[in-house]
Each structure stands twice: as C-alpha cells, then as structure tokens.
Amino acid sequence: METILLNTEGHVATITINRPKALNALSTQVLSELNTALDEVNANKDVYCLIITGAGDKSFVAGADIAEMKDKSAEEAAEYGAFGNEVFRKIETFRCPVIAAINGFALGGGCELAMSCDIRLAADSAVFGQPEVGLGITPGFGGTQRLARLVGAGIAKEMIFTARNIKADRAFAIGLVNALYPLDELMNQALKMANGIAKNAPIAVANAKRAINEGTQVDIDSGIKTEVKEFADCFNSEDQTYGMTCFLEKVKEKNFSNK
Ligand code: CAA
C-alpha cells in the first residue's frame, strides 16, 4: 500500500492515512487502500481496538480529493460517494472500537471519516468543517447524516450551510470530539485509551458497540430488545464467567481470552 501505513502493537492496530503532500486527501487510491487495511485488521482477531490518524502534524484528512472529483459526471460521483460511504460504514460497524486521533485538518471527507469512528480525540490545533457547499457540492461521505446525529440538526445545518470551519475548542463544546490534547500528546493519549479498551472483554465491548449503534437508529423499545439480546449473548462467552469470577475472587489483573 502506498498511501496507508498499518501498524499493530499488542491488541491495538493503527492505520495512518499517509499522503501528507495533499494533506491526506481521500483519492480513490487512498479509499481503496484504507478499505484493504480495514479488511487486514478485521482478519487479525488479536486486534481489539483500532486507531485511525493522519500522517504529518498538519492534517488528519483535508477531505475528498478535489482534483480527482472536479471532472466527474453525476454517475461517477454517485459511484465515488457510494464507495466512500461503504468504507466509512465499514468503520462505523467495525467489529471492535475505532478511535480517530485527529491531528490537524478534518475537513469534508476528513470530518466525515472522523465521524464514522466511535470516539474522536483531537489535537487542540485541529480544525473541523464541512466546506462542500463552497465547492458546489453537498457532503458526500455521510456528513449530512452523521453530523446531525452527533451534534443535532441545528448546528449541523449551520456548519454545512455556512461552510465555515470551526476550531478544536468549538468542536469539543458541541460534542463533535470527546477530548482535546496538545498535538505531541495526542497519539499517546489515543494509544492509552485504546489499550485501556483492549483490556476489557472484547466480546462484551463488541456487543456493546452493536447495541449502541443499532439502538440509536430505532425507537427505545426496539433498542432495549437489542440490548437484551447482546447482554444475553455475553453469557455464551468464557470471558463472562472469567470476568465475574475475577471480581468475586478479588483478582485485579484480568486477562480476557476473547472466547
Ligand atoms: N483535495 C485535493 N488536494 C488537496 C485537498 C483536497 N481536499 N486539500 C489540500 N490539498 C492539496 C492542495 O491542493 C495542495 O497541493 P499543492 O501543493 O500541489 O498545491 C496541498 O494539498 C497543500 O494544501 P494548501 O496549499 O491548500 O495548504 P494550506 O495550508 O494553505 O491550506 C487547507 C490547508 C485549508 C486544508 C486547504 O488545503 C483546503 O481548504 N483544502 C480543501 C478542504 C476542502 O474543501 N475539503 C472538502 C473536500 S470535498 C469533500 O470532502 C466531499 C465529500 O464529502 C466526499
């Protein structure tokens, strides 16, 4: 892969979008290689948490590739939009948690990539925005859907209609990001959180992710049915017996088996 770096340490994998000359803009090649990297991580059952970040200290992802998009027909744009959405939906429904470590510009497709992750940690120098209408298009990789769900329709409409970027502190205030750190601490904090997540029972974490994802799309009674199903499913796992036995026997250092 030319535009993606994949690194795995212990139970945590890190995907780095590595096209710094174009501020990590999402060309078709980047999207395809990201898709391949996700499949590789998915196949490695020892990975319990994934981090996605951008190369360099300036940009997470500055959006879809404008040069590549400029001359697309409506049909080609539909294909590109569908592919971007397919990859981002793969992230959203990924079998383990995905943390975005947002190290700079998260604009257009970059903001959309961050929003498809479960948790967003950002550098205090990061900049967020959906500038698409200033280019004559709408957001195309999920921005009209996920931004409104995350921050509410009013603020989403303001950001999308004005095409104005916002700074990290505003992104934190509206709930677009979970936490801010100085840039040089960001990756350590992301790794710390990822390793903390990876210490918990992977099946329970995955079931909780599914319950939250599905539950936020349906009415409360259907959501609770999903929770009951995912909760009960944990009782088919060895880790449930192990985790509860550790508690009762006052064992502090747990080592879940993912079974
Ligand atoms: N696509 C293609 N190339 C991009 C790019 C993008 N989204 N963003 C930056 N680049 C390229 C620039 O063209 C430039 O290349 P050259 O050196 O070859 O000229 C290089 O990256 C560095 O960029 P700048 O010189 O512009 O850097 P800057 O520091 O002056 O500005 C910036 C940084 C504010 C992020 C500016 O680059 C910018 O506004 N980028 C575009 C942001 C944008 O509009 N994103 C939305 C894209 S549309 C989209 O994402 C649709 C969708 O939802 C699917």
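Ligands are counted one by one from 1 in listed order, and the atoms in each one are counted from 1 as well. Only a predicted model underlies this, so the values are computations on that prediction, with no experimental measurement involved.
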Undergrad: Using a 3.5 Å distance criterion without hydrogens, assess whether the side chain of His11 forms a donor-acceptor pair with backbone atoms of Asp46.
TA: yes
Undergrad: Atom 29 (O) of ligand 1: which protein heavy atom is closest, and how many Å away?
TA: Lys58 NZ, 2.7 Å
Undergrad: Counting only heavy atoms not in Lys21, do more than 12 sit closer than 6.0 Å to its NZ atom?
TA: no
Undergrad: With no hydrogens and no angle check, is any side-chain donor or acceptor of Asn18 less than 3.5 Å from a backbone partner on Ile4?
TA: no
Undergrad: Among all protein non-hydrogen atoms, which one is nearest to atom 5 (C) of ligand 1, and what is the separation to 0.1 Å?
TA: Ala25 CB, 4.0 Å
Undergrad: May I ask you to check whether Leu135 has an N/O atom sitting below 3.5 Å from an N/O atom of ligand 1?
TA: no
Undergrad: Ion pair present between Glu92 and Arg89, side-chain N to carboxylate O less than 4.0 angstrom?
TA: yes
Undergrad: Identify, for atom 1 (N) of ligand 1, the protein heavy atom at the shortest distance, and state residue, atom and that distance.
TA: Ile66 N, 2.9 Å
Undergrad: Show which atoms of ligand 1 fall inside a sub-4.0 Å distance from at least one heavy-atom site of Met69.
TA: 48 (S)
Undergrad: Can you name the atoms of ligand 1, numbered from 1 with element, that are less than 4.0 Å from a heavy atom of Gly109?
TA: 49 (C), 50 (O), 53 (O)
Undergrad: Return the option from Gly136, Gly63, Ala62 holding the heavy atom at the smallest distance from atom 43 (C) of ligand 1.
TA: Ala62
Undergrad: CG of Asp219: more than 12 outside heavy atoms within 6.0 angstrom?
TA: yes
Undergrad: Using distance alone, decide if ligand 1 has a nitrogen or oxygen within less than 3.5 Å of any nitrogen or oxygen in Gly140.
TA: yes
Undergrad: May I ask whether Pro131 places a heavy atom under 4.0 Å from ligand 1?
TA: yes
Undergrad: Among the heavy atoms of Glu68, does any lie under 4.0 Å from an atom of ligand 1?
TA: no
Undergrad: I'd like to check which ligand 1 atoms, numbered from 1 as shown, lie under 4.0 Å from a non-hydrogen atom of Gly108.
TA: 46 (C), 50 (O)
Undergrad: What atoms of ligand 1 come within less than 4.0 Å of a heavy atom belonging to Phe141?
TA: 53 (O), 54 (C)
Undergrad: Tell me, which protein residue and heavy-atom name are nearest atom 7 (N) of ligand 1, and how many Å apart are they?
TA: Ala64 O, 2.9 Å
Undergrad: Can you figure out which of Leu107, Ile137, Leu23 has its heavy atom closest to atom 24 (P) of ligand 1?
TA: Leu23
Undergrad: Can you tell which part of Gln130 has a heavy atom less than 4.0 Å from ligand 1: side chain, backbone, both or neither?
TA: neither
Undergrad: To the nearest 0.5 Å, what is the distance between CZ on Arg120 and CD1 on Ile52?
TA: 11.5 Å
Undergrad: Name the one of Gln29, Glu33, Arg19 that satisfies side-chain hydrogen bond (donor to acceptor under 3.5 Å, both in side chains) with Thr3?
TA: Glu33
Undergrad: With atom 53 (O) of ligand 1 as the reference point, say which of Lys70, Arg19, Glu112 has the nearest heavy atom.
TA: Glu112
Undergrad: Just to confirm my output: which protein heavy-atom neighbour is closest to atom 11 (C) of ligand 1, and how far is it?
TA: Ala22 CA, 3.9 Å
Undergrad: For ligand 1, which atoms have a heavy atom of Pro139 less than 4.0 angstrom away?
TA: 53 (O)
Undergrad: Grab the two heavy atoms, one from Pro97 and one from Ile197, that are nearest each other, plus how far apart they are.
TA: CG-CG2, 3.8 Å
Undergrad: Tell me: protein heavy atom nearest atom 17 (O) of ligand 1, and distance?
TA: Lys21 O, 4.5 Å
Undergrad: Salt-bridge test for Asp39 and Lys90: reply yes if a basic N is under 4.0 Å from a carboxylate O, no otherwise.
TA: yes
Undergrad: Measuring from Lys45:NZ to Lys259:NZ, what's the distance to the nearest 0.5 Å?
TA: 14.5 Å
Undergrad: Taking the ring centre of each residue, are Phe83 and Phe141 less than 6.0 Å apart?
TA: no
Undergrad: In Å, rounded to the nearest 0.5 Å, how long is the span from CG of Asp57 to CG of Leu183?
TA: 6.0 Å
Undergrad: Which of the atoms of ligand 1 are close to Asp65, meaning less than 4.0 Å from one of its heavy atoms?
TA: 1 (N), 2 (C)
